Amino acid sequence: MCQILFALDRHPRYPLVLAANRDEFYARPSARAAFWPDQPQLLAGRDLSAGGTWLGATRDGRWAAVTNYRQVTQNTAPRSRGELVTGFLCDNPDPADYLASLLARADDYAGFNLLLGTLNGVWFADSRSRQIRRLEPGLHGLSNGELDNDWPKVVEGKARLAAALVDDEPDWAAIYALMTDREPAATERLPDTGIGLERERALSAQFIVTPTYGTRCTTLLSRSTAGEICFQEWGFGADGQAQERLAYRWQTGAPSLDQLR
């Protein structure tokens, strides 16, 4: 997952509006979002190489998402970052306790940023500062650097998300258009993370397309004040080719589930 934009308590009817793009090598196998047979409360895509996930939500309203941290040389680690998400969503621990336990063994994983959400708040921790934060209401953006940093895609993404939340109903079409925008940032605005100008430009777009690596799916996750959760996923193949949209809607605490079309 390489871009997560979310609004906490910024809309009168939706305390959570989250939009995320997962960027990955096209050759890495993965499954589309679904409720897992071995964890029927968990809705998520699945990394078929290591078994974890990049973003998921549960029937009781919890959610979690992970991004890696951009480094010129990626360190190897014995464990997959995808299990950071499933460990929280499958076992239902207290968020702060879970993060404290995780940070004590952070060296088992390559560099990561981790978001954990419940009906009562959102927590964040990363493998660099090793600090735990409960996030304040507002607009937040997370790519492959620090939370709410000044990368063009984060700054522009937060501004466009804010503009989509001004009416009684969020402008879902505008949020989708934001996440699928393939326009790179202007050269003079690019960060210097040590990967070279050409790659900085390619990765600066909200939606990434390169010959071997790009945006594999876009996810919209929302929770209303009435407790209704909606999870939508658009899949994309190599070179950004669109696939089927999947959508699920459910009420926290209720057994019913609607699969939308």
Side-chain angles (χ1 to χ4, degrees), residues 1-6 18-28 30 45 47 49-50 52-56 63-77 79-85 99 102-103 106-116 122-131 133 135 139-161 178-187 189-210 212-219 236 240:
M1 183 71 64
C2 289
Q3 175 81 319
I4 307 173
L5 304 168
F6 56 105
L18 179 147
N21 279 348
R22 181 205 180 205
D23 304 326
E24 183 55 87
F25 289 99
Y26 301 126
R28 188 174 181 114
S30 60
D47 173 21
S49 293
T53 190
W54 50 95
L55 182 153
W63 61 271
V66 66
T67 74
N68 68 339
Y69 192 81
R70 187 181 301 173
Q71 297 171 296
V72 178
T73 302
Q74 291 291 333
N75 58 310
T76 59
R79 305 183 73 94
S80 168
R81 287 170 290 210
E83 70 182 38
L84 303 177
V85 174
L99 290 173
L102 170 63
L103 292 178
D107 290 339
D108 290 345
Y109 304 90
F112 65 84
N113 299 307
L114 183 62
L115 291 162
L116 306 179
V122 176
W123 288 257
F124 171 78
D126 65 85
S127 58
R128 297 166 309 288
S129 72
R130 306 206 179 189
Q131 296 180 349
R133 296 168 52 188
L135 300 185
L139 291 162
H140 297 281
L142 178 65
S143 186
N144 300 112
E146 298 174 356
L147 180 68
D148 293 322
N149 67 9
D150 60 357
W151 289 4
K153 67 189 301 178
V154 174
V155 173
E156 179 184 355
K158 290 167 63 176
R160 291 176 64 179
L161 178 60
L178 157 64
M179 302 308 292
T180 54
D181 189 341
R182 305 184 184 196
E183 183 69 24
T187 300
R189 297 184 61 208
L190 295 174
D192 182 4
T193 61
I195 60 174
L197 181 60
E198 182 178 355
R199 189 153 179 80
E200 293 281 14
R201 184 181 293 110
L203 298 185
S204 71
Q206 301 289 342
F207 188 102
I208 297 169
V209 180
T210 76
T212 60
Y213 176 90
T215 301
R216 300 282 299 274
C217 67
T218 293
T219 305
F236 301 93

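It should be emphasised that the depicted structure is a prediction, and the values quoted were computed from it without experimental measurement.
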Between V209 and T215, is any pair of side-chain heavy atoms under 4.5 Å apart? no

Distance from D126 atom CG to Y69 atom OH, nearest 0.5 Å? 8.0 Å

Heavy-atom closest pair (A65 atom, I4 atom, distance to 0.1 Å) is CB-CD1, 3.6 Å

Which atom of Y213 lies closest to which atom of C2, heavy atoms considered: OH-SG, 3.4 Å

L84 and F112, any side-chain heavy atoms less than 4.5 Å apart: yes

Between K153 and Q206, what is the shortest heavy-atom contact and its length? O-NE2, 2.8 Å

Taking salt bridge (charged side-chain N to carboxylate O under 4.0 Å, His left out) as the test, write out the residues that go with D181, two or more places apart. R160

State, with a plain yes or no, whether a side-chain heavy atom of Y109 is found less than 4.5 Å away from one of S80. no

Quick check on E146: does its CD atom have over 12 non-hydrogen neighbours (other residues, nucleotides or ligands) under 6.0 Å away? no

Run the side-chain hydrogen bond (donor to acceptor under 3.5 Å, both in side chains) test against S49 and tell me which residues pass, sequence neighbours left out. none

Sequence-distant partners of F236, ring pair (Phe, Tyr, Trp, His ring centres under 6.0 Å), two or more places apart: F207

Which residues pass the side-chain contact (heavy atoms from CB on, under 4.5 Å) test with A64, not counting sequence neighbours? V85, F88, L89, L116

Decide, yes or no, whether a salt bridge links R189 with E200 under the criterion of side-chain N to carboxylate O below 4.0 Å. no

For R182, enumerate each residue passing the salt bridge (charged side-chain N to carboxylate O under 4.0 Å, His left out) test, keeping only those at least two apart in sequence or located in another chain. none

Could you pull out the closest heavy-atom pair between L5 and G141, with the gap in Å? CD2-CA, 3.9 Å

Salt bridge (charged side-chain N to carboxylate O under 4.0 Å, His left out) partners of R133, counting only residues at least two apart: none

First locate atom CD of E83, then atom CG of L102, and finally report the distance between them rounded to the nearest 0.5 Å. 9.0 Å

Contact check, side chains of L115 and F6, non-hydrogen atoms, under 4.5 Å: yes

Search all heavy atoms of A110 against all heavy atoms of R81 and return the closest pair with its distance. CB-NH1, 3.4 Å

What residues, two or more places apart in sequence or in another chain, satisfy side-chain hydrogen bond (donor to acceptor under 3.5 Å, both in side chains) together with T187? R201

For the side-chain hydrogen bond (donor to acceptor under 3.5 Å, both in side chains) test, which of T67, N68, N144 pairs with N113? T67

Applying salt bridge (charged side-chain N to carboxylate O under 4.0 Å, His left out), name anything that partners D150, two or more places apart in sequence or on another chain. none

Lys/Arg N to Asp/Glu carboxylate O, R130 vs D107, below 4.0 Å: yes

side-chain hydrogen bond (donor to acceptor under 3.5 Å, both in side chains) partners for S30, two or more places apart: R22, R216

Rounded to the nearest 0.5 Å, the CG atom of L203 sits from the CD atom of Q3 at a distance of 11.5 Å

Could you list the residues that satisfy side-chain hydrogen bond (donor to acceptor under 3.5 Å, both in side chains) with R28, not counting sequence neighbours? D47

Under the ring pair (Phe, Tyr, Trp, His ring centres under 6.0 Å) test, residues paired with F124 that sit two or more places apart: none

Looking only at heavy atoms, what is the nearest atom pair of G157 and L178, with distance? O-CD2, 3.7 Å

When you measure from the side chain of S143 to the backbone of G145, do you find a donor-acceptor pair of N or O atoms at a distance under 3.5 Å? no

Using modelled atom types only, decide if a donor and an acceptor are shared between the side chain of S127 and the backbone of A106 within a distance under 3.5 Å. no

Among all residues two or more places apart in sequence or in another chain, which pass the side-chain contact (heavy atoms from CB on, under 4.5 Å) test with A185? P152, L190, S204

Against H140, only a single residue in D148, L18, V154 fulfils side chain to side chain contact (heavy atoms under 4.5 Å, CB included); can you say which? D148

